[in-house]
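Notes follow once the structure below has been shown.
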Amino acid sequence: MTVLKTSLRNFLAHKGRMALSAIAVLLSVAFVCGTLVFTDTMNTTFDKLFQVTSSDVTVSAKGASDTGETTSDTGKPPVLPAAVVGKIERAPGVKSAEGTVFSTSVTVVDGDKEKLSPTSGAPTIVGNWNANDARTMKITTGAAPRGSGQIMVDADTAKKHHLKLGDDIGVITAVGTHQARVSGIATFTVTNPGAAIFYLDTRTAQQALVGRTGVFTNVNVTADAGVTDARLKRDVSTALGTGYKVQTAKEVADANQQDVKSFLDVMRYAMLGFAGIAFLVGIFLIINTFSMLVAQRTREIGLMRAIGSSRRQVNRSVLIEALLLGVVGSVLGVGAGVGIAVGLMKLMGQIGMHLSTDDLTVAWTTPVAGVVLGVVVTVLAAYLPARRAGKISPMAALRDAGAPADARAGVIRAVIGLVLTGAGAASLAAAAASDHATTGSAWLGLGIVLSLIGFVVIGPLLASGVVRVLGAIVLRVFGPVGRMAERNALRNPRRTGATGAALMIGLALVACLSVVGSSMVASATDQLDKTVGADFIVQSDNGSVITPQAVDALKSTPGLERVTEYKVLPVTMTTPDGKVSKNESLNAADPSYAEDLRTKTVQGDLADAYGADSMSVFAGFAKDHGIELGSRVDVAFKGGRTAKLTVRAITSDDVVVDKGAMYVSIATAKKYVPADRMPLDVLFFATAKEGQQDAAYKALKASLHDYPQYTVRDQTDYKQALKDQIGQLLNLIYGLLALAIIVAVLGVVNTLALSVVERTREIGLMRAIGLSRRQLRRMIRLESVVIALFGALLGLGLGMGWGATAQKLLALQGLKVLDIPWPTIITVFIASAFVGLFAALIPAFRAGRMNVLSAIATE
């Protein structure tokens with residue numbers, strides 16, 4: 001009980017000094033709990049949606065996907081004959097059956113040709129208005145569509161794009177473009193996670209989406225009272241026979257949920273990973289806090305030991321303080337985590353994914369996990385300072401105001417740090433020299449962990465040298481104040497090393513990812529320059545196929561020397577070794593593709609692969625199946641016949657564009673695939689006549705004005721799009737890493753604040769002999785700057801090493817250019833100095849306000 005009272009007294013006496021450590025725990029726990037609440041809420045939202053929107057049993061074509069999305073290579077959804085509805089209605093246990101038709105392979109535009117698709121990645125769905133949809137949507141304005149000239153839109157999409165009754169809408173599909181006007185607006189009675197939904201009448205939907213009437217994509221079946229979904233499925237399957245996909249409501253919901261779950265799992269684990277980094281950085285802050293508190297209370301601990309307190313009691317007293325810190329920070333963090341989850345939901349709403357706070361889900365495991373994690377991490381972080389406190393000798397403590405330095409421990413620490421750093425460097429070297437990406441990745445992961453731990457352990461040794469160099473460059477120009485700031489940073493290398501290490505972790509990851517991202521862009525750009533011979537690339541950004549009407553418009557564009565079609569055909573191959581390879585694909589193109597994409601070959605000439613009954617394979621496939629030039633491969637085309645194709649070229653695996661592709665000519669594909677089964681083009685290459693590139697670029701854009709779902713890019717545009725994609729991903733990662741850097745900044749603030757308290761008497765004496773308040777504040781700010789620069793220097797150097805090693809592994813995938821983004825690295829390094837200045841504002845202000853006489857009198 002006495003130990004507990006002492007711990008409570010000390011905790012409350014130093015509550016101001018504990019505040020920043022508590023904030024670090026709070027932020028880390030809040031990020032963990034916020035992630036869990038947010039992803040749980042998304043799961044709840046989608047669960048409710050899928051449960052409500054699924055009929056008792058759904059019947060679809062055999063080739064339909066489990067989730068109902070239409071990604072057919074013809075651009076049209078798989079369909080059922082309308083007669084199926086009658087068969088289902090006659091099956092036992094069926095109360096009603098309704099045919100529906102819908103497609104997600106659509107682009108919807110307004111009267112100005114602006115896309116109405118969600119920006120969140122959610123689908124655009126066009127279908128017929130039916131009874132099943134009427135269960136989840138209520139028409140709030142206008143009326144349901146009647147006739148080919150009318151269309152209804154969901155309220156969220158109407159609000160986002162300012163649509164109203166009578167506005168023109170264009171539905172673009174593989175069949176063509178269907179024009180209609182808004183007849184009604186329907187509001188979801190459940191949460192809409194962001195899909196844009198449009199409704200036509202049944203006949204119009206069939207014609208616009210499939211190109212003919214008398215067909216459906218699905219049949220929604222409702223069971224009679226007392227009939228289970230499983231029994232209904234069995235009876236419907238019996239009535240229909242084979243050739244159909246029959247699913248219960250649960251099976252449809254599970255399939256949809258599984259699709260969403262994959263995305264949510266990636267999001268959850270990524271965000272938890274960044275929360276873990278923040279926790280790691282917080283550990284250094286907590287260690288520093290308790291180390292300094294122990295050092296400042298050395299006399300107090302010595303007196304406690306002198307009057308009979310055991311080492312165990314002193315140790316336990318510090319750990320109880322850590323426990324209290326962990327509990328307070330964690331409990332507050334759980335509450336803040338719910339706030340973060342709500343904030344994330346609002347943010348998702350801004351980009352089009354609507355999540356209702358009515359579905360906010362806080363599982364009991366979330367606060368438990370947050371509190372346990374926060375408390376355990378805090379107590380573990382405080383263990384070393386607590387152990388150090390227990391070792392304080394009563395007589396040594398009474399003689400000295402600070403804890404004696406343990407030289408032997410410093411030597412052991414330096415040796416362990418050097419060993420770990422050397423092992424990390426060796427692992428990174430092994431990764432860089434690896435010939436296989438899998439093996440190299442394992443070495444890279446080990447190297448990152450070992451080198452990071454090594455730098456953390458060896459931090460105090462590095463601080464002694466690096467701070468002196470930085471001091472000579474940065475601080476000496478400030479005269480005596482600069483030299484005092486340097487000596488203060490060097491006074492306790494262990495503290496400086498731990499503070500710098502907290503900042504080092506976040507900046508090391510920033511530097512590593514910057515190098516990797518920059519190298520990927522540079523490598524891809526280099527590959528494009530070397531391999532792409534066409535001037536323009538035409539494709540859909542959402543993966544839609546190119547309609548025949550758009551193909552005609554492309555081919556009629558003036559100023560083009562050649563246009564190359566490009567299709568992807570699903571096939572099954574039987575290779576000379578007798579193995580059957582299912583789910584393979586052949587890339588069918590015009591012979592001019594050999595000029596548009598200068599793919600390296602290891603054997604043969606790629607142009608020969610576009611001859612009659614010829615093909616190419618990539619080197620890895622050829623090696624695995626014993627294929628050589630002249631080998632014959634049986635190729636069964638989906639929806640067509642089986643062909644015997646001769647291998648005329650073997651392409652290199654050492655490429656980025658079309659890596660792993662196998663080619664055949666469109667003319668050969670047409671011999672074996674009927675015209676009505678032939679997939680549509682997925683992209684086009686076009687080359688302008690000599691000297692007419694600019695005119696042809698404008699002409700192509702004009703030709704596709706009525707087809708806004710397709711984008712025309714020249715090579716400059718394509719490179720910029722690639723750079724933008726990688727840049728957006730990196731910005732997202734940097735945003736998540738900002739949490740760790742914020743915690744690191746709190747660590748610098750805390751270190752300086754406690755350091756000022758520790759040096760109270762010294763500051764008073766310096767002020768007494770003439771040091772001005774301005775000089776004192778400058779000294780503390782400079783000390784903070786040099787600590788921040790020390791952490792930045794270590795972090796950026798370490799991160800560039802990791803990034804350069806990772807690029808060696810990317811080179812095995814064809815990304816061979818190492819590009820160090822020096823502007824980013826230099827900007828981050830300079831920004832670190834400003835971080836140091838910012839972190840020192842409050843400690844410097846408090847130091848300047850000290851009363852000189854009171855400071856001198858401080859024990």
Side-chain angles (χ1 to χ4, degrees), residues 20-21 24 281-296 381 384-385 388 402-403 405-407 409-411 413-414 417 421 452-476 478 481-508 741 743-759 762 779-798 829 832-833 835-840 843-844 847:
L20 291 176
S21 293
V281 173
I283 287 172
F284 291 101
L285 195 163
I286 295 165
I287 290 175
N288 258 5
T289 299
F290 279 96
S291 294
M292 296 178 76
L293 287 175
V294 166
Q296 290 167 22
L384 287 178
R388 199 175 299 131
D406 190 340
V411 172
R413 181 188 181 106
T421 303
L452 178 62
I453 296 174
F455 265 55
V456 169
V457 175
I458 208 175
L461 182 63
L462 293 174
S464 301
V466 174
V467 169
R468 282 189 173 87
V469 174
L470 288 172
I473 298 172
V474 178
L475 302 182
R476 296 297 170 83
F478 293 96
V481 172
R483 285 195 293 274
M484 284 192 293
E486 178 186 342
R487 288 168 185 165
N488 285 334
L490 289 170
R491 176 181 297 182
N492 192 329
R494 178 179 290 176
R495 181 192 306 162
T496 300
T499 307
L503 194 59
M504 174 189 76
I505 296 170
L507 296 186
I741 294 173
V743 175
V745 172
L746 292 176
V748 177
V749 175
N750 209 25
T751 297
L752 290 173
L754 290 171
S755 178
V756 167
V757 173
E758 186 179 87
R759 303 200 306 259
E762 176 186 319
M779 179 187 75
I780 293 172
R781 288 197 296 268
L782 290 176
E783 179 184 353
S784 178
V785 167
V786 80
I787 291 174
L789 289 179
F790 163 69
L793 195 63
L794 294 189
L796 294 175
L798 194 59
F829 183 73
S832 298
V835 165
L837 283 174
F838 172 78

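Just so it is clear, the model here is predicted, and its values are computed rather than measured.
Under a cut-off of 6.0 angstrom, the local environment of CZ in Phe829 is crowded, with over 12 non-hydrogen atoms contributed by other residues, nucleotides or ligands.
Rounding to the nearest 0.5 Å gives a distance of 12.0 Å between CZ of Arg487 and CE of Met779. In this structure, CG in Leu507 is found 5.0 Å from OG in Ser832, a value given to the nearest 0.5 Å.
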Just list the side-chain donor-acceptor pairs under 3.5 Å for residues 781-789, sequence neighbours left out, or say none.
residue	atom	partner	partner atom	Å
Glu783	OE1	Arg759	NH2	3.2
Ser784	OG	Gly836	O	2.5

Please set out all donor-acceptor pairs under 3.5 angstrom arising from side-chain atoms of residues 452-467, sequence neighbours excluded.
residue	atom	partner	partner atom	Å
Ser464	OG	Pro460	O	3.3

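The salt bridge (charged side-chain N to carboxylate O under 4.0 Å, His left out) contacts involving residues 464-474 comprise nothing, where partners must be two or more places apart or lie in separate chains.
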